[in-house]
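All values derive from a computational prediction rather than experimental measurement.
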Protein chains: 2
Amino acid sequence: MKKPIPRISDTEWEVMRAVWSRHPATAGEIADRLAQADPSWHPKTARTLLGRLVEKGALAYDVDGRIFLYRPLVTEQECIASASDSFLDRVFGGALKPMLAHFVERESLSPEEVRELEQILARRKNRR
Amino acid sequence: MKKPIPRISDTEWEVMRAVWSRHPATAGEIADRLAQADPSWHPKTARTLLGRLVEKGALAYDVDGRIFLYRPLVTEQECIASASDSFLDRVFGGALKPMLAHFVERESLSPEEVRELEQILARRKNRR
DNA sequence: GTTCTTGGATTACGGCTGTAAGTGTGGGCT
DNA sequence: AGCCCACACTTACAGCCGTAATCCAAGAAC
C-alpha cells in the first residue's frame, strides 16, 4: 500500500528542498530561499513551479487569509528513494552493486569518508 | 578538454545499452534486441530514437550499401559518469557520502555483495 | 477613495520525450 | 517486368520542462 511518488524534475527538486528545509512557508519565503542559494532564480518561476508541484501532489497549501502556506505531501526520504530507484534502473539496469562500485571508485571520496563507509557496511552486517 | 556528454533520456538509455552491447549494428538488430528485452518495443519507436541519438551526438552511423550501421560516439562509462553527476547533484545536492550511505542502507544488498563492497573499499585505500 | 503593490491565476512558448504513423525508393521475389 | 517489403526520411502530437510575462483582485498607502 504505497502511495505513488510523483516524478520531480531537476528544478522542482530545488523547490522541494526549499520547502522541506522549513515549512509551512509562503511562496515569497520559498522564492527568497531559492534566490539566496542561486540569484538567478526568478520569483515568477518559483511560483510556477510551486503550482506544478501542487498539481502533481507533491505539495499542498493551506490558505491563511490571502496568503498560501505550502507544505510537502511527500517526504524527502520518499522522494530520494523513488529517484534513486529510477536512476538505478535507468543507468545501471537495476544492478545495485555495480552502481555502488562505480561511486566508490570515483576519486572524490576522502579517506575519512572511506572509513565511514566501512563502518556503515560493518554496522549493516551486524544488523542482520 | 572533455567532450560534452549529451543528455540521454530514460528510453534512450535502453537504446544506448542495446548499441553498446554489440556494435556496429543495424537499426533492425537494435530494434530486435530491444523487443527481446521488452516486447512492447515498437520498431518504429526504436528507429526514431536512433535518429535522435545521432542528432544528439551520442551515436553515429556508417552507410553500408543501403543499410546503416550504428556505433556509439560516447562510451558507457562516460555516460554513466555524466548521469551519475547529475543525479548526485539533483537528489543529494552533490554530497557523495550520504548518497552511498543511502544505498548501502537499502535492504536489497546481499551479504556477499556487502563483502565485495568492503573489498572494493579496502582496495581503494591501498591504491593510494 | 484612488492609486500602488503584492500575490495568486492564466497564458506563453520553444525544446525535449514517448510513441508512433505516413512516404518514397531501391532491391528481391515471382 | 511488376509488386511487395524493408529501410531511411519526414511528420505528428500530446505531455512535461524551464522560464517567465500578463492579468486581475484585494489590501496597503496616501
_In whole Å, I'd like the distance from the CG atom of Leu53(A) to the C1' atom of dC16(D)._
13 Å
*asked:* Quick check on DNA chain C: between Lys56(B) and Thr45(B), whose nearest nucleotide comes earlier from the 5' end?
replied: Lys56(B)
*Mapping Trp41(A) and Arg7(A) to their closest nucleotides on DNA chain D, which lands nearer the 5' end?*
Arg7(A)
*Is the side chain of Glu12(A) donor-acceptor paired with the backbone N or O of Ser9(A) at a distance under 3.5 Å, no angle test?*
yes
*side chain to side chain donor-acceptor pair (under 3.5 Å) evaluation trace for Glu14(A) with Trp41(A)*: CA-CA 10 Å; Glu14(A) 299 184 46; Trp41(A) 266 95; 3.1 Å; yes
*Separation of dA6(D) C1' from Leu50(B) CG (nearest whole Å)*: 15 Å
Do any N or O atoms of the protein come closer than 3.5 Å to N or O atoms of nucleotides 8-14 of chain D, and which pairs are they?
residue: dA8(D); atom: OP1; partner: Phe68(B); partner atom: N; Å: 3.0
residue: dA8(D); atom: OP2; partner: Arg47(B); partner atom: NH1; Å: 2.5

*For Asp10(A), side-chain contact (heavy atoms from CB on, under 4.5 Å) partners two or more places apart*: Arg7(B), Arg90(B)
*To the nearest Å, give me how far apart CD (Glu29(B)) and P (dA6(D)) are.*
15 Å
*Length of the line joining Asp64(A):CG and dA26(D):C1', which is rounded to integer Å*: 15 Å
_Which residue is it: Arg71(A), Gln77(A), Glu76(A)? I am looking for the one with a side chain to side chain contact (heavy atoms under 4.5 Å, CB included) to Trp20(A)._
Glu76(A)
*Spacing of Glu55(A) atom CD relative to dT10(C) atom C1', expressed in whole Å*: 12 Å
*Apply the salt bridge (Lys or Arg N to Asp or Glu O under 4.0 Å) test between Lys97(A) and each candidate in Glu118(B), Glu116(B), Glu113(B); give the one that qualifies.*
Glu116(B)
*Please assess Arg124(A) against Glu105(B) for the test salt bridge (charged side-chain N to carboxylate O under 4.0 Å, His left out), listing each intermediate value before the final yes or no.*
CA-CA 7 Å; Arg124(A) 187 181 193 292; Glu105(B) 293 297 339; 5.5 Å; no
*Given atom CD of Glu14(B) and atom C1' of dT17(C), what is their separation to the nearest angstrom?*
13 Å
*Look at the side-chain N and O atoms of His42(A) and state whether any lies under 4.0 Å from the OP1 or OP2 oxygen of dA21(D).*
yes
*Check the distance between dC16(C)'s P and Leu49(B)'s CG and give it to me in whole angstrom.*
14 Å
*Can you tell me if the side-chain N/O atoms of Ser9(A) get under 4.0 Å from OP1 or OP2 in dC16(D)?*
no
*Applying side chain to side chain contact (heavy atoms under 4.5 Å, CB included) between Met99(B) and each of Val91(B), Leu88(B), Val104(B), report the one that passes.*
Leu88(B)
_Rounded to whole Å, how long is the line connecting atom CZ of Arg90(B) with atom P of dC17(D)?_
11 Å
